[in-house]
**Q** 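Quick one: the structure is below, questions incoming.
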Amino acid sequence: MRVFLKIVEQLELKKVTFISIRENLDTSTSIGKFAVSILTELKQLEHENLLERQRIGIEQAKAEGKHKGRKPIEIDETQFERLYNDWQNGKTTPKIMMNELHLKPATFWRKVKDYRKHRCTRGTNEIK
């Protein structure tokens with residue numbers, strides 16, 4: 001809404017006044033300018049309150065274990081680790097792993113990236 005105020009200011013610089021017939025506002029008068037300012041600030045307050053309520057709702061949902069968006073795909077960690085080690089030892093391929101784990105390529109590679117990241121933080125820095 002502050003963009004609206006800037007537009008009104010630019011119009012005033014060009015000697016143009018904003019008149020809203022629907023809201024009965026006229027920026028050529030001080031009362032009209034004041035009303036536009038108040039309405040703009042009320043809109044901003046409403047928007048900030050909406051964002052705050054949304055943030056609180058998301059926090060509550062997370063605390064209750066609810067997910068925003070799609071639910072995470074469950075992957076058998078033991079099976080993944082076994083297949084990953086086989087892959088690193090040349091006994092399998094990513095394509096075979098995807099088929100056995102029933103994963104699509106994007107999900108598989110995201111899992112590999114996360115797995116490698118967590119292995120590195122545990123002290124195993126070997127990445128092929």
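Fair warning: this is a prediction, and the values are worked out from it, not measured in the lab.
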**Q** Between Thr17 and Ser28, which heavy-atom pair has the shortest distance, and what is it?
**A** CG2-CB, 3.4 Å

**Q** For the hydrophobic clusters of this structure (ILVMFWY residues joined by side-chain heavy atoms under 4.5 Å, transitively), does one cluster hold both Ile38 and Phe4?
**A** no

**Q** Quick one: list whatever passes salt bridge (Lys or Arg N to Asp or Glu O under 4.0 Å) with Glu52, sequence neighbours left out.
**A** Arg55

**Q** For the residue pair Gln44 / Glu48, report whether a side-chain donor-acceptor contact shorter than 3.5 Å exists.
**A** yes

**Q** Applying salt bridge (Lys or Arg N to Asp or Glu O under 4.0 Å), run through Glu9 and Lys33 and close with a yes or a no.
**A** CA-CA 10 Å; Glu9 287 174 8; Lys33 289 177 187 175; over 6 Å; no

**Q** Which other residues belong to the hydrophobic cluster containing Leu13, where Ile, Leu, Val, Met, Phe, Trp and Tyr are joined when side-chain heavy atoms lie under 4.5 Å apart, directly or via other members?
**A** none

**Q** If you round to the nearest 0.5 Å, how far is CD of Glu81 from CD of Glu77?
**A** 8.0 Å

**Q** So which heavy atom on Thr92 is nearest to which on Leu83, and how close?
**A** CG2-O, 3.6 Å

**Q** Drop me the distance from Leu45's CG to Asn49's CG, to the nearest 0.5 angstrom.
**A** 4.5 Å

**Q** Answer whether the closest heavy-atom distance between the side chains of Thr107 and Arg110 falls below 4.5 Å.
**A** yes

**Q** Say you draw a straight line from CZ of Arg82 to NZ of Lys91; how long is it, rounded to the nearest 0.5 Å?
**A** 10.5 Å

**Q** For Tyr84 and Met97, what are the C-alpha separation, side-chain angles and deciding distance, and is it a side-chain contact (heavy atoms from CB on, under 4.5 Å)?
**A** CA-CA 8 Å; Tyr84 181 87; Met97 290 176 67; 4.3 Å; yes

**Q** Answer with yes or no whether the hydrophobic clustering places Val112 together with Ile96; edges join I, L, V, M, F, W, Y residues whose side-chain heavy atoms lie under 4.5 Å apart.
**A** no

**Q** Taking atom CG of Asn24 as the centre, report whether more than 12 heavy atoms of other residues, nucleotides or ligands fall under 6.0 Å from it.
**A** no

**Q** In Å, rounded to the nearest 0.5 Å, how long is the span from CG of Leu51 to CD of Glu46?
**A** 11.0 Å

**Q** Where is the tightest heavy-atom contact between Arg116 and Trp87, given as atom of each residue plus distance?
**A** NH2-CH2, 3.5 Å

**Q** Is it the case that atom CD1 in Ile21 sees more than 12 heavy atoms from other parts of the structure closer than 6.0 Å?
**A** no

**Q** Are any non-hydrogen side-chain atoms of Pro94 and Met98 less than 4.5 angstrom apart?
**A** yes

**Q** Report yes or no: does Asp76 contribute a side-chain atom to a donor-acceptor pair with the main-chain N or O of Thr78 at less than 3.5 Å?
**A** yes

**Q** Rounded at 0.5 Å granularity, tell me how far NE2 in His102 sits from CD1 in Ile73.
**A** 12.0 Å

**Q** Establish whether Leu42 and Val36 are linked, either directly or via other cluster members, by ILVMFWY side-chain heavy-atom contacts under 4.5 Å.
**A** no

**Q** To the nearest 0.5 Å, how far apart are CD1 in Ile75 and CG in Asp114?
**A** 9.0 Å

**Q** Taking the six-membered ring for Trp and the full ring for Phe, Tyr or His, determine whether the centres of Tyr115 and Phe108 are under 6.0 Å apart.
**A** no

**Q** Answer whether the closest heavy-atom distance between the side chains of Ile19 and Leu25 falls below 4.5 Å.
**A** no

**Q** Got Phe34 and Thr29 here, is their nearest side-chain heavy-atom distance under 4.5 Å?
**A** no

**Q** side-chain contact (heavy atoms from CB on, under 4.5 Å) for Phe80 and Glu100? Distances and angles first, verdict last.
**A** CA-CA 9 Å; Phe80 179 85; Glu100 287 193 33; over 6 Å; no

